[in-house]
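A short write-up of the structure that comes next.
Just so we're on the same page: letters track the sequence lines, and every chain starts at 1. Below, all heavy atoms of this structure are taken into account, side chains as well, without hydrogens, waters or symmetry copies.
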Number of protein chains: 4
Amino acid sequence: MVCTCHKESGVERKDIPENDVLITSEDPVHPANLICELCRNFYNNGWVTGTGGGISIRDGDKIYIAPSGVQKERMVPENMFVLSLNSKNYLRTPEIYKPSACTPLFMSAYTMRNAGACIHTHSQNAVMVTLLFDKVFEISSIEQIKAIPKITEPGNLWYSDKLVIPIIENTEKEEDLTDSLQEAIREYPQATAVLVRRHGIYVWGETVWKAKIYNEAIDYLLELAVKMKQLNIPTVKEKI
Amino acid sequence: MVCTCHKESGVERKDIPENDVLITSEDPVHPANLICELCRNFYNNGWVTGTGGGISIRDGDKIYIAPSGVQKERMVPENMFVLSLNSKNYLRTPEIYKPSACTPLFMSAYTMRNAGACIHTHSQNAVMVTLLFDKVFEISSIEQIKAIPKITEPGNLWYSDKLVIPIIENTEKEEDLTDSLQEAIREYPQATAVLVRRHGIYVWGETVWKAKIYNEAIDYLLELAVKMKQLNIPTVKEKI
Amino acid sequence: MVCTCHKESGVERKDIPENDVLITSEDPVHPANLICELCRNFYNNGWVTGTGGGISIRDGDKIYIAPSGVQKERMVPENMFVLSLNSKNYLRTPEIYKPSACTPLFMSAYTMRNAGACIHTHSQNAVMVTLLFDKVFEISSIEQIKAIPKITEPGNLWYSDKLVIPIIENTEKEEDLTDSLQEAIREYPQATAVLVRRHGIYVWGETVWKAKIYNEAIDYLLELAVKMKQLNIPTVKEKI
Amino acid sequence: MVCTCHKESGVERKDIPENDVLITSEDPVHPANLICELCRNFYNNGWVTGTGGGISIRDGDKIYIAPSGVQKERMVPENMFVLSLNSKNYLRTPEIYKPSACTPLFMSAYTMRNAGACIHTHSQNAVMVTLLFDKVFEISSIEQIKAIPKITEPGNLWYSDKLVIPIIENTEKEEDLTDSLQEAIREYPQATAVLVRRHGIYVWGETVWKAKIYNEAIDYLLELAVKMKQLNIPTVKEKI
């Protein structure tokens with residue numbers, strides 16, 4: 001008699017097609033798994049509903065990107081594109097999906113800032129701020145600012161430092177944002193994010209966790225700024 | 001000695017009554033299972049609390065509809081009605097429930113637009129918009145608009161296109177909405193949704209996933225529009 | 001060799017103390033279990049945070065009530081009080097807790113209205129409405145009103161019917177509300193709920209599910225009414 | 001033949017390094033486990049996003065504190081610092097983390113008030129209230145006030161009592177708040193919380209559950225106060 005219980009509870013190792021090796025791992029923080037988990041988190045925050053937004057993670061030369069037009073909270077690792085940062089060639093292409101229109105924007109964060117991950121959301125707080133501010137979003141003297149890095153020097157902003165995030169104009173097609181996004185990245189070397197008018201925000205960081213933390217902290221500040229504007233409280237506090 | 005562990009972890013296949021074959025499946029995306037899952041999602045979004053709202057999915061000739069007056073987040077497949085699109089006869093009737101008053105409205109989306117699913121919510125964003133707009137809801141130049149289809153031609157709206165959703169007047173009984181809903185569907189061939197004043201919204205799509213995506217994207221736009229109105233920002237942007 | 005797996009996955013039946021028979025059941029809808037589940041739902045809605053609010057369910061002569069001052073989302077069946085409706089005696093008293101101050105208020109719904117359950121929340125929508133309305137809360141011509149029963153005749157309100165919920169003044173001690181609550185119940189025979197100024201709401205129904213549905217539908221209407229007031233939209237629509 | 005199922009479902013007991021004994025327990029309410037659970041709860045409430053905020057629990061002489069700059073919803077017991085209240089020495093230091101900048105602030109609650117736990121959040125309601133009130137936050141005649149203790153005498157506040165929470169000015173570095181926090185604790189012997197302008201709130205209690213309940217009840221009151229201010233309703237009601 002053979003007890004077969006372990007076959008029921010265990011998962012039998014199948015042969016993995018060559019194309020799938022890149023996205024198959026039991027490690028929950030493998031990029032292909034983590035993208036799925038973080039997108040469920042973003043969905044619950046209302047940042048990627050209706051297939052909007054996305055996230056890309058870099059692992060050395062390999063860039064993982066979720067496809068275009070998919071429900072972000074229902075993604076599985078098999079949906080992922082994998083690109084080579086150096087060759088710009090696709091190392092893996094899922095069967096039925098097309099690449100994200102955000103791809104050249106994510107690549108800008110990798111090539112110009114050596115980012116480890118880039119997050120794009122349609123956060124309503126981001127959209128509202130672009131309707132209430134002109135060329136840049138500015139806020140100072142809120143504790144949460146201390147979660148944001150200085151970029152051009154080590155360490156994070158201090159409490160009374162002014163956080164400045166450039167706002168670029170939206171375009172009909174997402175990929176047409178690339179030039180103005182790159183221009184904003186050059187013009188604002190201290191920025192770790194770019195707002196897109198009537199559209200959303202791009203946030204990057206040197207690791208996926210830093211990108212996630214910056215995105216959460218910035219969204220908190222955007223939400224607070226909208227509330228302050230509604231009560232006619234200036235978002236930048238004069239230093240006394 | 002016989003190891004009986006598998007009996008504990010496995011589910012023994014019971015004989016399924018003829019009436020239940022239509023709603024019995026281990027496939028999580030079978031319409032009878034998916035309606036239950038999506039209704040829990042809608043409940044958590046506040047769209048179907050207090051038994052309000054509902055969803056119907058079409059599978060070929062078979063139309064699956066949740067019953068009237070049930071708690072949408074506690075439904076099980078056994079609660080489902082199944083109708084034939086062609087014969088309009090009920091293929092399955094659950095024991096203790098009565099058919100949804102939305103049935104003729106869902107059927108309009110199937111017969112007039114060949115929809116694959118239709119969602120009805122009591123979203124507060126939808127109700128608020130019908131209190132702030134007159135004959136139609138209009139919004140333009142918000143990125144999320146690009147998730148909405150053009151319907152009368154292939155592809156989705158562009159960023160600066162104007163999304164127009166007709167608003168019909170509510171009636172005392174839900175089924176009495178049928179005429180004006182059908183009139184709105186005829187009059188607005190580009191619409192994939194109809195708002196009902198002081199009531200909610202109907203959204204359909206050629207598949208259940210498309211209907212879900214459209215509903216999420218439209219609700220996002222309705223929520224944003226209410227915020228814009230409160231800050232006196234026009235929802236339709238003049239093209240320059 | 002004996003396979004012991006089933007001992008690990010199964011739960012061994014322990015002898016239940018006499019006092020605990022009333023609250024011990026594997027049925028998820030047994031009142032002692034359901035109170036715990038619904039309180040987690042209410043907690044997630046912000047209705048019973050900080051130990052506020054509560055719920056009582058009647059099963060024949062047995063009244064189940066959660067204790068005073070406990071975290072509603074962490075309750076277990078062992079925490080429950082059980083009272084006899086007829087004798088007013090406690091059939092079961094948990095070891096370390098004191099009876100809810102809501103007890104005489106819940107009992108009023110049972111004795112005066114033959115309720116099957118009574119829900120009390122500190123919903124902020126309820127508190128806000130009592131700051132914006134005088135003697136009664138009134139709303140009409142919102143679809144969600146159709147989830148509320150007429151009470152004095154069979155069936156529910158129609159769309160254009162006016163829902164009226166009396167508002168009583170708060171007192172220093174919760175039990176001192178009993179007289180004015182009972183007076184409101186007598187004075188408003190059509191009410192299935194009473195608002196308490198600067199405090200919250202009591203909602204009851206002939207079954208626990210009806211009470212839950214009424215509470216959800218009413219809270220939806222309270223939330224909507226606050227938004228309408230903020231935009232100077234009257235909550236009662238003149239019939240044309 | 002040996003059935004090995006139990007090896008799959010059970011967890012084999014490993015040797016625990018000496019440093020880890022303090023934070024290793026299967027009891028879900030052990031401080032090291034409970035800090036992780038409560039931080040997930042706080043994260044879902046938006047109180048500790050972007051690594052902001054934190055919590056400390058005291059178990060006799062042992063003070064458990066989460067490290068600085070970590071994602072609060074992803075913490076595990078191994079991340080915890082453990083301090084001796086008497087000796088002020090670290091009994092346990094996790095490998096890669098640095099101590100929380102809140103440490104001297106948490107210690108003030110332990111040494112000056114004999115607290116059992118102290119919670120720090122970046123709640124937006126707290127920040128907003130510090131933008132709308134001057135030296136202190138005051139509210140009266142809201143039922144939820146009855147969840148807050150009188151501190152200088154036994155029992156909780158009554159409904160019409162005035163809850164007063166001091167507001168201190170923020171500093172560039174969190175540890176520099178210590179002096180003014182201690183001054184506020186001395187000056188307001190009835191306070192179980194201190195608000196920090198443009199930053200957040202510190203709340204403590206004699207047990208972790210009391211601290212959690214006070215924090216929930218206070219945040220409810222802060223949220224309500226912001227809504228009342230927006231509608232020009234005074235937060236302190238004149239006694240008649």
Side-chain angles (χ1 to χ4, degrees), chain A residues 1-10 40 43-54 68-74 101-102 120-132 168-177 195-202 223 226-227 229-232, chain B residues 1-11 28-29 34 37-38 41 44-45 125 139-149 155-161 203 205 208-228 230-235 237 239-240:
Chain A
M1 189 241 112
V2 178
C3 174
T4 57
C5 313
H6 61 288
K7 290 201 184 157
E8 291 175 11
S9 57
R40 286 192 293 273
Y43 179 82
N44 291 332
N45 280 304
W47 292 336
V48 297
T49 56
T51 79
S68 177
V70 302
Q71 297 177 81
K72 295 297 182 288
E73 82 283 13
R74 298 185 79 93
C102 304
H120 172 47
T121 84
H122 286 188
S123 161
Q124 295 215 351
N125 299 318
V127 174
M128 287 307 294
V129 155
T130 68
L131 296 170
L132 294 169
I168 62 174
E169 301 306 315
N170 201 26
T171 51
E172 291 297 311
K173 295 187 186 179
E174 192 131 19
E175 48 268 47
D176 293 342
L177 283 173
L195 285 155
V196 186
R197 182 120 38 223
R198 295 170 167 272
H199 179 156
I201 192 167
Y202 282 86
E223 182 183 350
V226 173
K227 294 179 188 169
K229 281 275 185 184
Q230 282 173 321
L231 291 162
N232 292 315
Chain B
M1 188 242 110
V2 178
C3 174
T4 58
C5 312
H6 61 289
K7 289 200 185 158
E8 290 175 12
S9 58
V11 174
V29 297
L34 195 52
E37 181 194 333
L38 291 178
N41 171 306
N44 291 332
N45 280 303
N125 300 318
I139 194 163
S140 77
S141 300
I142 299 291
E143 181 70 9
Q144 194 78 338
I145 288 168
K146 289 161 72 174
I148 312 296
N156 281 8
L157 295 173
W158 288 109
Y159 162 67
S160 65
D161 285 342
V203 183
V208 61
W209 299 124
K210 291 200 174 181
K212 172 177 174 289
I213 291 167
Y214 301 161
N215 180 55
E216 284 181 4
I218 289 170
D219 201 73
Y220 171 104
L221 292 164
L222 297 170
E223 182 183 351
L224 196 63
V226 174
K227 294 179 189 169
M228 291 170 82
Q230 283 172 321
L231 291 162
N232 291 316
I233 300 166
T235 58
K237 187 163 173 273
K239 292 202 190 192
I240 317 160

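- Using a 4.5 Å cut-off between heavy atoms, B/Ile233 contacts chain A through its side chain alone, with no backbone atom that close.
- A search for side-chain contact (heavy atoms from CB on, under 4.5 Å) contacts involving A/Thr130 returns A/Ile167, A/Leu195, A/Arg197, not counting sequence neighbours.
- The pair B/Glu37-A/Arg74 counts as a salt bridge, with a side-chain nitrogen and a carboxylate oxygen less than 4.0 angstrom apart.
- With sequence neighbours excluded, no residue forms a side chain to side chain donor-acceptor pair (under 3.5 Å) with A/Arg40.
- Residues of residues 214-221 of chain B lying under 4.5 angstrom from chain A, judged on non-hydrogen atoms, are B/Glu216, B/Ala217, B/Tyr220 in numerical order.
- Within the 3.5 Å criterion, the main-chain N or O of A/Glu172 finds a donor-acceptor partner in the side chain of B/Lys146.
- Ranked by heavy-atom pairs shorter than 4.5 Å toward chain B, the options A/Thr49, A/Val226, A/Asn170 are led by A/Asn170.
- Partners of A/Thr171 by side-chain contact (heavy atoms from CB on, under 4.5 Å), not counting sequence neighbours, listed by chain and number: A/Asp176, A/Leu177.
- B/Glu143 places no side-chain N or O within donor-acceptor distance of the main-chain N or O of A/Glu174, the cut-off being under 3.5 Å.
- If you take CD on B/Gln144 and OG1 on A/Thr51, they are separated by 7.0 Å, rounding to the nearest 0.5 Å.
- Contacts with chain B were tallied for A/Glu73, A/Gln124, A/His199, A/Gln71; A/Gln124 has the most, counting heavy-atom pairs under 4.5 Å.
- Using a 4.5 Å cut-off between heavy atoms, B/Leu231 contacts chain A through its side chain alone, with no backbone atom that close.
- Interatomic distance, NZ of B/Lys237 versus CG of A/Leu131, reported as 10.0 Å (0.5 Å rounding).
- Contact record, B/Ala147 with A/Gly50: CB-O, 3.8 Å, taken as the closest heavy-atom pair.
- Using a 4.5 Å cut-off on side-chain heavy atoms (C-beta onward), B/Trp158 and A/Lys173 make contact.
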